[in-house]
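Let me begin by presenting the structure, written as structure tokens, before commenting on it.
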Amino acid sequence: MARGRFITFEGIDGAGKTTHLAWFRDKLVEKLAPSGHTVVMTREPGGTPLGETLREILLHQPMDLETEALLMFGARREHLAQLIEPALARGDWVLSDRFTDATFAYQGGGRGLPRDKLEALERWVQGGFQPDLTVLFDIPPDTASERRGAAREPDRFESETDAFFTRTRGEYLRRAEEAPHRFAIIDSSQSIDEIRKQLEKIIARL
Ligand code: TYD
């Protein structure tokens, strides 16, 4: 079977990414059923037993910024080795709720870690490997914070300020400009129906 494809979903907290990802997965499963490809859903930080343990720590325990970036990439290395690379080699398609763009956006844009350090880690951990497609849910930070508002107890990232998310969003958009062939940007302030129409077009093109 041909090698599978790797698709990532990104956006600031409150962009609606997780809701749309579940719907996208179901549509993709339908589309791929005739060809026998399996769809694997995963997330970062996480996706492996070690990665999920690191996620718990990353989301709730205060730490030095460089430690945070290193743990994100440590979890990612494990994710690539144990789950993503073997799945793609088997011919499975992998959908990940976040990947490396999130580290550039959150630890780089949001928290201000110099980009050259993140680029060095990116080369170390994944060589030239990049997602085949990244769907970026773009939304103004004030709209996102309203949407997050009523949701559960916020983690270390969800409790950040609008200024933090403005920088995070800016870095996502810069990454998209740097690799336009890989990104599909969705205006996430639209209605769910509008967004689904756009996602359907993206799936049709895959
Ligand atoms: P998120 O993907 O929003 O999951 P949920 O919808 O369950 O809250 O949570 C993951 C958080 O981790 C999110 O706030 C962004 C942050 N994060 C980083 O800061 N850097 C990274 O490299 C990754 C993958 C995530």
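What you see below is based on every heavy atom in this structure, not just the backbone, and it leaves out hydrogens, waters and symmetry mates. For ligands, and for the atoms within them, numbers begin at 1 and follow the listed sequence.
- Judged by distance alone, the side chain of Arg5 and the main-chain N or O of Gly91 form no donor-acceptor pair under 3.5 Å.
- Ion pairing between a basic and an acidic side chain is recognised when a charged N comes within 4.0 Å of a carboxylate O; Arg77 and Glu44 show no such pairing.
- Below 3.5 Å of separation, one finds an N or O of Gln107 facing an N or O of ligand 1.
- Contacts between Ala105 and ligand 1, counted as non-hydrogen atom pairs separated by less than 4.0 Å, are absent for every part of the residue.
- Nearest to atom 6 (O) of ligand 1 among the protein's heavy atoms is Thr18 OG1, 3.6 Å.
- Heavy atoms from other residues, nucleotides or ligands lying under 6.0 Å from CD of Glu178 number more than 12.
- Looking at heavy atoms from C-beta onward, Asp132 lies out of side-chain contact with Leu206 at the 4.5 angstrom threshold.
- In this comparison of Arg148, Arg55, Glu158, the heavy atom closest to atom 7 (O) of ligand 1 sits on Arg55.
- Geometric assessment of Arg76 against the ring of Phe73 yields a positive cation-pi assignment under the 6.0 Å and 45° thresholds.
- Of the protein's heavy atoms, Pro45 CD, 3.5 Å lies nearest to atom 25 (C) of ligand 1.
- At a 4.0 Å heavy-atom cut-off, ligand 1 touches Thr103 through backbone and side chain alike.
- Among Arg111, Met72, Arg98, the residue whose heavy atom sits closest to atom 13 (C) of ligand 1 is Arg98.
- In Leu59, the part holding a heavy atom less than 4.0 Å from any atom of ligand 1 is the side chain.
- Hydrophobic clustering (side-chain heavy atoms under 4.5 Å, transitive across Ile, Leu, Val, Met, Phe, Trp, Tyr) groups Val94 together with Val125.
- Ion pairing between Arg196 and Glu200 fails under the 4.0 Å rule for side-chain N and carboxylate O.
- The parts of Glu44 lying near ligand 1 are both backbone and side chain, judged by heavy-atom distances below 4.0 Å.
- Contact analysis puts Arg76 in contact with ligand 1, with a non-hydrogen atom separation below 4.0 angstrom.
- Protein heavy atom at the shortest distance from atom 23 (C) of ligand 1 is Ala102 CB, 3.6 Å.
- Of the polar atoms of Asp155, none of the N or O atoms is found under 3.5 Å from an N or O of ligand 1, judged by distance alone.
- Taking the six-membered ring where the residue is Trp, the centroids of His20 and Phe9 are separated by 6.0 Å or more.
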